[in-house]
Amino acid sequence: MSRRAALRRAAVREWGPPAAAVRTALAERGARALALTLTATALTALVQLVQNQSWGYGPVRALGAVRAEDPLWSALLRTPLSLFVPALDLPVWGALAQILLVFGVAEICLGRWRTLAVAYAATLAGTLYARIGVALGPEAFLGLPASDARVVDTGPSAAVVALAVYVCHQRRARFTGALVVVAMVVEVLVKDNLAGREHLAAIAVVLAVCGVREWLGRRAPATRTGRRAPAIRTGRRPPAPGAGRRRSAQGLGAGGGGTRSGAPPMRSWNFRRGPAQRTSWW
């Protein structure tokens, strides 16, 4: 087998199931299969357009910018909109492409509500980690400097990374999932900033959720196997003790071979052992 054929088989094994699911969903439902993805992409583009205006920067920061120095209740209220606020120092087309691709595959493979739940859980994990890291300080393990308390959170990037890992686990694309995790670790090693660490926090939460799902999935078959089968009720009462002996003694003839009327018992032709015993073929 040539190297190109081996790579093709590996790619089909890795990306074939999600690609088939996407093709089937688009063929059956069209753009309706990507309702959440298209909405998220359009909302992110709109927020980017508004925050680049002189009159829109303040309202977007007041409604969707989350910092570790903000009160917790205020950060939680801003979290839903912060998912669609892209970073100002990065090109918006990259964020839109990531949302369109990763959110689209996740919406088809996971479902609309699960995709939204994983995205918000990842964003919230990054926000909470920033608060905990600043509280620990730079001297502690996984701690953050005090200056990071004034840095705005990552926006949609943490949700994109978490959804990519979750879809790879759900569709058994292990190589791609491992590649995403390694890329985020290398990002932190090369450029250690709050965004990279929030990505790792989102990945850690998603991996914990995947681990719990795997454990529950392995435990359920064992529970069903060890459970006793329920008794089936037929509605008939069990025979009274000695009923069989009384029934056999009531009408049998001598030697137990007859019936109450004295006629020979009827036998099916299936139980006759020789042609001499056959009286009819019917």
Side-chain angles (χ1 to χ4, degrees), residues 44 47 51 57-58 60-90 94-95 98-99 102-103 106 114-169 174 177-216:
T44 304
V47 171
Q51 73 175 353
Y57 178 81
V60 170
R61 293 291 140 177
L63 297 176
V66 178
R67 303 177 184 88
E69 65 179 3
D70 297 332
L72 181 59
W73 64 269
S74 177
L76 294 179
L77 289 177
R78 295 175 183 176
T79 299
L81 184 59
S82 69
L83 180 61
F84 308 103
V85 179
L88 288 173
D89 57 343
L90 296 176
Q98 291 176 359
I99 293 174
V102 178
F103 268 69
R114 187 184 297 182
T115 299
L116 199 59
V118 172
Y120 275 123
T123 304
L124 187 60
T127 300
L128 295 179
Y129 163 72
R131 306 176 74 89
I132 296 173
V134 171
L136 292 175
E139 295 82 9
F141 179 67
L142 300 179
L144 297 172
S147 59
D148 285 345
R150 296 182 295 273
V151 178
V152 181
D153 67 352
T154 58
S157 59
V160 168
V161 172
L163 283 173
V165 174
Y166 195 94
V167 171
C168 289
H169 173 268
R174 294 182 174 88
L179 191 62
V180 173
V181 175
V182 170
M184 294 301 103
V185 173
V186 171
E187 177 191 10
V188 173
L189 295 178
V190 173
K191 186 179 180 181
D192 190 4
N193 54 12
L194 179 61
R197 295 203 175 197
E198 287 186 350
H199 294 165
L200 294 182
I203 290 175
V205 170
V206 167
L207 290 179
V209 173
C210 294
V212 171
R213 286 177 57 86
E214 284 287 336
W215 179 73
L216 292 177

Enquirer: Can you name the closest pair of heavy atoms from Ala125 and Val205 and give their distance?
Expert: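 In this case the closest contact between Ala125 and Val205 is CB-CG2, 3.4 Å.
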Enquirer: Rounded to the nearest 0.5 Å, what separates atom NE2 in His199 from atom CE in Met184?
Expert: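 Reported to 0.5 Å precision, the distance equals 6.5 Å.
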Enquirer: Working to the nearest 0.5 angstrom, can you tell me the gap between Glu187 CD and Leu200 CG?
Expert: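 Going from the CD atom of Glu187 to the CG atom of Leu200 covers 7.5 Å.
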Enquirer: Between Tyr120 and Leu124, is any pair of side-chain heavy atoms under 4.5 Å apart?
Expert: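 The answer is no, as the side chains (C-beta and beyond) never meet within the 4.5 Å cut-off.
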Enquirer: Would Asp192 and Arg197 satisfy salt bridge (Lys or Arg N to Asp or Glu O under 4.0 Å), going step by step from the backbone distance to the final call?
Expert: CA-CA 7 Å; Asp192 190 4; Arg197 295 203 175 197; 2.9 Å; yes
Enquirer: Minimum heavy-atom separation for Ala106 to Thr115, with atom names?
Expert: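 In this case the closest contact between Ala106 and Thr115 is O-OG1, 3.0 Å.
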Enquirer: Determine, step by step, whether Asp153 and Thr79 satisfy the side-chain contact (heavy atoms from CB on, under 4.5 Å) criterion, reporting the C-alpha distance in whole Å, the side-chain angles of both residues, the deciding distance to 0.1 Å, and the verdict.
Expert: CA-CA 10 Å; Asp153 67 352; Thr79 299; over 6 Å; no
Enquirer: Is there a donor-acceptor contact under 3.5 Å from the side chain of Ser157 to the main chain of Thr154?
Expert: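 Flag set: sc Ser157 to bb Thr154 pair under 3.5 Å.
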Enquirer: Tell me, do Val206 and Cys210 make a side-chain contact under 4.5 Å, heavy atoms counted?
Expert: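 In contact.
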Enquirer: For Gly126 versus Ala201, what's the shortest heavy-atom pair and its separation?
Expert: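 Reported closest heavy-atom pair: CA-CB, 4.5 Å.
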Enquirer: Might you point out which heavy atoms bring Pro86 and Ala95 nearest each other, and give the distance in Å?
Expert: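 Distance-wise, the nearest heavy atoms are CB-CB, 4.5 Å.
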Enquirer: In chain order, what residues pass the side-chain hydrogen bond (donor to acceptor under 3.5 Å, both in side chains) check against Thr123, with sequence neighbours excluded?
Expert: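 Counting only residues at least two positions away or on another chain, Thr123 forms no side-chain hydrogen bond (donor to acceptor under 3.5 Å, both in side chains).
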Enquirer: Please answer whether the main-chain N or O of Pro156 pairs with a side-chain N or O of Gln98 as donor and acceptor at a distance below 3.5 Å.
Expert: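 No; judged by distance alone, with no hydrogens or angles, the pair does not exist.
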Enquirer: Would you say Arg61 has more than 12 foreign heavy atoms packed within less than 6.0 Å of its CZ?
Expert: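 It does: Arg61 CZ has more than 12 such atoms within range.
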Enquirer: Please name the pair of heavy atoms, one in Ala130 and one in Leu194, separated by the smallest distance, quoted to 0.1 Å.
Expert: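 Minimum heavy-atom separation between Ala130 and Leu194: CB-CD1, 3.9 Å.
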Enquirer: Restricting to salt bridge (Lys or Arg N to Asp or Glu O under 4.0 Å), what partner residues turn up for Arg131, sequence neighbours left out?
Expert: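 Salt bridge (Lys or Arg N to Asp or Glu O under 4.0 Å) check on Arg131 returns nothing, list empty.
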Enquirer: Looking only at atom types and distance, does a side-chain atom of Tyr129 sit under 3.5 Å from a main-chain N or O of Leu142, one as donor and one as acceptor?
Expert: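 Looks like yes, one N/O pair under 3.5 Å.
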Enquirer: Look at the side chain of Asn193 and the backbone N and O of Gly196, then say whether any donor-acceptor pair between them is shorter than 3.5 Å.
Expert: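 Confirmed, Asn193 side chain pairs with Gly196 backbone.
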Enquirer: Quick one: pull up CG in Leu76 and OG1 in Thr127 and give me the separation to the nearest 0.5 Å.
Expert: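 So the CG of Leu76 and the OG1 of Thr127 are separated by 8.5 Å.
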Enquirer: Looking only at heavy atoms, which two atoms of Asp70 and Ala65 are closest? And how far apart?
Expert: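 Closest heavy-atom pair between Asp70 and Ala65: OD2-O, 3.9 Å.
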Enquirer: I want to check something: taking the side chain as every heavy atom from C-beta on, are Tyr166 and Arg213 in contact at a cut-off of under 4.5 Å?
Expert: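 They are in side-chain contact.
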Enquirer: About how many Å separate SG of Cys168 and CG of Leu163, when rounded to the nearest 0.5 Å?
Expert: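 Between Leu163 CG and Cys168 SG, I get 10.5 Å after rounding to 0.5 Å.
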Enquirer: Is any side-chain heavy atom of Thr44 closer than 4.5 Å to a side-chain heavy atom of Val47?
Expert: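 Not in contact.
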Enquirer: I need the Leu144 CG to Glu198 CD distance, nearest 0.5 Å.
Expert: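 So the CG of Leu144 and the CD of Glu198 are separated by 8.5 Å.
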Enquirer: Does some side-chain heavy atom of Val66 sit less than 4.5 Å from a side-chain heavy atom of Val152?
Expert: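 In short, these two side chains do not touch, never coming nearer than 4.5 Å.
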Enquirer: Strictly distance-based, threshold 3.5 Å: is any side-chain N or O of Arg78 a donor or acceptor partner for the main-chain N or O of Ala62?
Expert: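 Looks like yes, one N/O pair under 3.5 Å.
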